[in-house]
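Letters A, B, ... are given to chains in the order of the sequence lines, protein chains preceding strands, and every chain is numbered from 1.
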Amino acid sequence: MKILVALKRVIDYNVRVRPRADGLAVETAGVKMSVNPFDENAIEEALRLKEAGKATEVVAVSLGNTGAQEGLRHALAMGVDRVIYGEAADDLDSLAVAKLLREVVKAEQPQLVLLGKQAIDDDAGQAAQMLAALLDWPQAVAVSHITVEGNALTVVREIDGGTETLSVDLPAVLSADLRLNDPRFVKLPNLMMAKKKPIGTIDLASVSAAPRLKTHKVAEPPARAAGIKVSSVAELVEKLKNEAGVL
Amino acid sequence: MSAVLLIAEFDTSDKNAGLKTSTRQSVRAAQSWNLPVDVLVLGTATAAVLEQAQKLNGVRKVLHANAEHLNHPRAEDVAKLLQQLAADYSVVLGAHSSLAKNVLPRFAALADVGMISEALEINAPNNYVRPIYAGNLLATVENAAGLQVLTVRASRWKAVELDGAAELTTVAAPAADSRVRFVSQALAGGERPELSSARVVVSGGRSLGSAEKFDAVLGPLATQLGAALGATRAAVDAGYAPNDIQVGQTGTIVAPELYLAFGVSGAIQHLAGMKDSRIVVAVNTDPDAQIFQVADYGLVADLFDVVPELTAALQKQ
Ligand SMILES: Cc1cc2nc3c(=O)[nH]c(=O)nc-3n(C[C@H](O)[C@H](O)[C@H](O)COP(=O)(O)OP(=O)(O)OC[C@H]3O[C@@H](n4cnc5c(N)ncnc54)[C@H](O)[C@@H]3O)c2cc1C
Ligand SMILES: Nc1ncnc2c1ncn2[C@@H]1O[C@H](COP(=O)(O)O)[C@@H](O)[C@H]1O
């Protein structure tokens with residue numbers, strides 16, 4: 001089984017994000033970037049499937065500006081066999097990502113495509129389902145456990161209020177939940193080694209993937225009014241009852 | 001004639017349950033277009049569910065896709081069904097639930113249109129406000145498509161009354177996609193109110209220390225308040241709380257009247273899930289904990305002292 005993992009480089013989840021001065025996008029200048037956390041889970045799972053002898057090759061792909069290649073270096077350092085960079089616009093929406101990834105799938109012919117369940121920048125959570133639709137493959141999203149059973153997978157996925165177990169025939173598209181695994185730490189020597197490895201490319205210039213969504217404004221949400229500190233349980237109960245009226 | 005189609009949801013594990021509150025809230029969101037609103041009920045559904053769906057205020061028609069295989073709806077099947085129905089609609093939406101999150105992007109791609117996830121506000125027929133970066137920023141986004149596909153954060157809208165009289169019609173569902181098979185489902189359930197629509201939420205973090213203490217300390221307070229229990233991801237990952245009660249970016253988004261956070265540090269991913277609560281109470285030993293920045297009432301103290309004392313004080317009321 002060959003596995004393709006799609007990863008996005010996003011602003012690191014610890015960074016406090018701010019709108020850009022023009023209020024049309026998020027400020028990315030000088031901001032620390034990382035691989036989308038859910039995509040790291042996807043990479044980790046692909047590597048574990050290979051280590052368990054269930055997968056033959058793990059290929060990672062990332063789309064976007066040249067910075068996306070840094071994410072691919074991280075994937076190489078984690079241990080993927082090969083990486084592919086597809087030059088594309090920065091403001092891809094999920095449908096555009098799915099359309100571009102479909103071309104990569106056509107070229108690479110994987111049996112399993114793993115994505116993250118959502119990119120923590122746009123928080124869309126759509127690309128995996130859209131790619132599955134375009135390929136007419138079955139899907140499982142927010143997956144927290146995978147077992148390979150011949151030509152099918154048994155997957156557990158997170159749903160509201162619990163979990164659901166599905167049996168899914170290959171080829172399939174899956175999206176990873178944080179609970180799928182704990183991604184390995186990347187060791188410095190591996191990172192150094194990854195810097196020397198080649199980054200493959202795919203030409204996607206001819207794929208029509210114009211964005212369908214247009215962002216008109218990015219702003220901070222209204223801040224909550226400053227609260228107060230109380231000094232005892234009795235005071236808290238009194239305030240909740242008489243000031244807030246919630247008891 | 002164009003109209004709005006909403007995916008209805010109900011609790012399949014409880015035979016007596018009616019529609020979810022989020023469906024009643026989403027009906028109000030669906031009325032933003034000033035077009036007729038139809039709701040789609042998936043699966044065999046009980047008479048109670050169908051009756052309630054017909055009573056949803058302002059709903060024109062209830063479409064019942066009465067097929068056994070839709071009792072545990074899979075995206076492949078529902079997306080195809082929506083594709084079959086789409087010609088009559090200019091908007092297809094659902095609450096931002098695991099069902100709609102699974103189904104609607106697949107449907108949108110089949111229809112070759114973009115999709116809006118988790119609209120907080122509907123400004124114009126194709127213009128929305130939605131959270132990005134775990135709700136740290138809000139984006140105003142336009143979807144150019146003729147067919148609008150979206151999920152909404154249902155708690156932003158007030159539930160509609162159950163006093164309507166919609167027409168009930170059955171729609172044929174395409175055969176099940178045999179490549180994906182439902183195996184089983186594990187739902188936590190229990191006595192407490194549903195987390196996403198509870199009036200009060202009692203929430204705890206990693207500092208509770210064990211599953212036993214989580215229940216023993218927070219349980220009585222939640223019972224006293226008729227509250228749902230919530231937890232941080234750290235508490236869930238440590239096995240102190242089941243994962244279906246995780247509040248935050250990757251858990252459930254809540255906006256109760258009262259949110260009580262005990263030993264919760266207030267990481268942005270957690271705040272994303274609760275900062276729209278009307279009143280927030282935080283108890284934490286660290287006076288600089290981030291959670292205090294969103295708390296209306298903060299108490300710097302040990303939760304193991306505060307929670308029993310608070311429970312006792314409320315019992316006396
Ligand atoms: C992509 C991503 C998504 C995430 N999604 C979520 C999510 O949906 N929900 C979520 O919650 N987290 C999420 N997280 C994790 C989040 O970043 C934090 O790690 C987590 O919320 C911290 O949980 P905590 O507050 O229980 O633990 P800690 O950060 O360890 O905080 C414990 C707190 O308890 C206080 N404390 C200790 N003892 C006591 C005592 N006796 N009495 C009172 N206070 C005490 C401490 O002062 C501290 O503030 C996500 C992370 C990532 C990377
Ligand atoms: N530019 C990109 N390059 C490669 N994969 C991407 C890109 N954008 C999104 N993805 C994948 O799609 C998933 C979901 O993205 P989204 O629909 O934007 O939430 C991510 O977790 C990635 O696995």
**Prompt:** Relative to chain B, which of A:Leu95, A:Asp121, A:Val230, A:Val218 shows the most heavy atom pairs under 4.5 Å?
**Reply:** A:Asp121
**Prompt:** Between A:Gly227, A:Ala226, A:Pro138, which has the largest tally of heavy atom pairs under 4.5 Å with chain B?
**Reply:** A:Pro138
In terms of side-chain heavy atoms, does [X] have a donor or acceptor partner in [Y] at a distance below 3.5 Å?
{"X": "B:Arg179", "Y": "A:Gln139", "value": "no"}
{"X": "B:Tyr297", "Y": "A:Glu235", "value": "no"}
{"X": "A:Glu164", "Y": "B:His72", "value": "no"}
{"X": "A:Glu220", "Y": "B:Asn136", "value": "no"}
{"X": "A:Gln126", "Y": "B:Ser117", "value": "yes"}

Contacting region of [X] [heavy-atom separation from chain B under 4.5 Å]:
{"X": "A:Ser175", "result": "neither"}
{"X": "A:Ala152", "result": "side chain"}
{"X": "A:Arg18", "result": "backbone"}
{"X": "A:Phe38", "result": "side chain"}
{"X": "A:Leu131", "result": "neither"}
{"X": "A:Ser94", "result": "neither"}
{"X": "A:Val237", "result": "side chain"}
{"X": "A:Asn14", "result": "neither"}
{"X": "A:Ile120", "result": "both"}
{"X": "A:Ala98", "result": "neither"}
{"X": "A:Asp160", "result": "both"}

**Side chain to side chain, A:Asp169 and B:Val180, heavy atoms closer than 4.5 Å** = no
**Request:** Determine whether B:Met115 and A:Met130 make a side-chain contact, defined as any pair of heavy atoms from C-beta on separated by less than 4.5 Å.
**Result:** yes
**Asked** Does the A:Arg179 side chain pair with the main chain of B:Asp237, one donor and one acceptor, at a distance under 3.5 Å?
**Response**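 Pair absent, no side-chain N/O of A:Arg179 close to backbone of B:Asp237.
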**Item:** Backbone of B:Ser277 reached by a side-chain donor or acceptor of A:Arg224 within 3.5 Å
**Value:**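 Side chain of A:Arg224 to backbone of B:Ser277, a donor-acceptor pair under 3.5 Å: yes, one is there.
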**Prompt:** Under a 4.0 Å N-O cut-off, is there an ion pair linking B:Asp296 with A:Lys239?
**Reply:** no
**Asked** Is it true that B:Arg130 and A:Asp123 make a salt bridge, defined as a side-chain N closer than 4.0 Å to a carboxylate O?
**Response**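 So B:Arg130 does not pair with A:Asp123 through a salt bridge.
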**Request:** Begin from the C-alpha positions of A:Thr215 and B:Thr140 and carry the test side chain to side chain contact (heavy atoms under 4.5 Å, CB included) through to its verdict.
**Result:** CA-CA 6 Å; A:Thr215 299; B:Thr140 305; over 6 Å; no
**Request:** Show your reasoning for whether side chain to side chain contact (heavy atoms under 4.5 Å, CB included) applies to A:Ile159 and B:Gln185.
**Result:** CA-CA 9 Å; A:Ile159 59 169; B:Gln185 174 178 291; 4.2 Å; yes
**Item:** Residue selection (most heavy-atom pairs with chain A, distance under 4.5 Å) from B:Pro242, B:Gly298, B:Gly114, B:Ala313
**Value:** B:Gly298
**Message:** salt bridge (Lys or Arg N to Asp or Glu O under 4.0 Å), that's the test. Do A:Lys99 and B:Asp112 meet it? Break it down for me.
**Reply:** CA-CA 10 Å; A:Lys99 287 187 173 181; B:Asp112 195 26; 2.7 Å; yes
